[in-house]
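Notes follow the structure.
When a ligand or atom number is given, it counts from 1 through the structure's own listing order. Sequence positions, counted from 1, serve as the residue numbers for this chain.
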Amino acid sequence: MLGIIGGTGLTKLANLEITRRQVARTPYGEPSGALTFGMLCGVEIVFLARHGYGHTIPPHEVNYRANLWALKEHGVDRLVSVATVGGIHPEIRAGGLVVPDQLIDYTWGRAHTYSVSGEKPVTHLDFTEPYCSEMRHDILRAAIKKNIHIRDGGVYAVAQGPRLETAAEINRMERDGADMVGMTGMPEAYLARELELCYAAIGVIVNDAAGRGASKNGIREEDIQRVLSDLMSRVRVLLEELVVMDSPDSCQN
Ligand code: HPA
């Protein structure tokens with residue numbers, strides 16, 4: 001089953017016929033909220049709001065381990081994550097969408113693995129390609145079908161947050177090879193790998209990164225909100241296509 005983790009600005013899917021909500025418990029504690037199961041054109045999916053349904057959980061306090069564990073336990077094998085980002089690369093600008101193909105992890109202090117000492121022999125999982133290529137291609141294919149422009153590829157720098165970056169930090173990230181910056185890409189992507197989920201992300205570019213483009217003199221919340229609602233309506237169309245794309249039933253969404 002396909003799972004969707006919604007980030008800032010995406011706490012529900014309009015056309016989803018909700019069938020049940022399930023409060024899940026895991027060995028790692030509680031997920032950000034109840035899992036929402038529903039049908040889109042005859043296809044069952046499950047949705048989870050990463051920051052809680054009232055958007056109250058900051059990026060560094062999200063229980064990523066519980067979120068992914070609960071989704072897996074309830075039948076998810078393919079997972080798409082929606083995450084807002086700031087654009088660093090000159091072609092990754094506010095108002096656009098991107099499917100990252102790489103990441104750099106700058107986070108610290110987050111529970112970032114299911115592996116604990118004394119249980120199983122230590123293994124070092126391959127993470128050369130942090131995203132599942134099939135899921136990335138499916139997202140890109142859904143975008144083409146719906147005529148939605150989305151950039152294929154880019155390096156996602158995962159910052160600790162919750163504060164935004166300084167201009168010098170963005171310059172350093174760019175020198176490191178980053179194209180966009182967000183706060184939730186890790187440990188989510190790696191935990192998905194540990195659980196053998198096919199995982200990819202949709203980067204929703206809500207601002208130019210600190211010191212860049214329209215954010216030369218700072219990042220204003222009003223500007224983020226302005227682009228967010230338009231972007232999220234495109235993301236909803238994209239997600240709905242992604243869900244129904246390969247379903248045998250025709251669907252008029
Ligand atoms: N920095 C970090 N995370 C973000 C940004 C940003 O500029 N925009 C949206 N999420």
Side-chain angles (χ1 to χ4, degrees), residues 4-11 32 48-52 54-62 64 67 80-110 112 130-131 139 150-151 153-190 199-236 238-239:
I4 298 171
I5 298 183
T8 305
L10 187 74
T11 50
S32 300
L48 176 64
R50 183 188 290 110
H51 300 284
H55 203 275
T56 50
I57 310 171
H60 61 291
E61 285 182 13
V62 169
Y64 296 95
N67 285 355
V80 55
S81 153
V82 179
T84 59
V85 293
I88 299 177
H89 189 284
E91 287 169 16
I92 298 187
R93 289 276 78 107
L97 298 172
V98 55
V99 185
D101 62 349
Q102 276 293 332
L103 61 80
I104 301 175
D105 187 6
Y106 297 93
T107 67
W108 47 269
R110 301 184 181 188
H112 63 286
Y131 298 106
I139 296 167
I150 191 163
R151 184 187 161 96
V155 179
Y156 175 173
V158 193
Q160 176 70 357
R163 67 168 177 83
L164 293 163
E165 298 69 36
T166 66
E169 284 170 335
I170 294 299
N171 290 341
R172 182 183 77 155
M173 286 172 175
E174 184 176 51
R175 287 194 300 274
D176 286 352
D179 298 312
M180 70 201 92
V181 55
M183 300 177 191
T184 57
M186 283 292 278
E188 203 172 77
Y190 180 65
Y199 171 97
I202 299 172
V204 179
I205 313 156
V206 290
N207 59 281
D208 296 338
R212 302 295 166 105
S215 303
K216 204 146 203 61
N217 300 313
I219 298 172
R220 294 197 337 217
E221 184 61 29
E222 311 91 83
D223 294 341
I224 291 184
Q225 290 308 326
R226 204 164 24 79
V227 284
L228 192 61
S229 62
D230 168 56
L231 274 166
M232 283 309 171
S233 37
R234 267 183 277 160
V235 169
R236 282 196 187 89
L238 178 58
L239 288 172

[X] to [Y] - nearest heavy-atom pair and separation:
| X | Y | answer |
| --- | --- | --- |
| Ala167 | Gly211 | CB-CA, 4.2 Å |
| Arg93 | Ile205 | O-CG2, 3.3 Å |
| Tyr131 | Ala189 | CE2-CB, 4.5 Å |
| Pro58 | Thr56 | CD-O, 3.5 Å |

query: What pairs with His55 under ring pair (Phe, Tyr, Trp, His ring centres under 6.0 Å), at least two apart in sequence or on another chain?
result: His51
task: Can you tell me which residues line ligand 1 if we count any heavy atom under 4.0 angstrom from one of its atoms, in chain and number order?
output: Thr84, Val85, Gly86, Leu164, Glu165, Val181, Gly182, Met183, Val206, Asn207
Sidechain-backbone polar pair: Arg110 side chain, Met186 backbone, donor-acceptor under 3.5 Å: yes
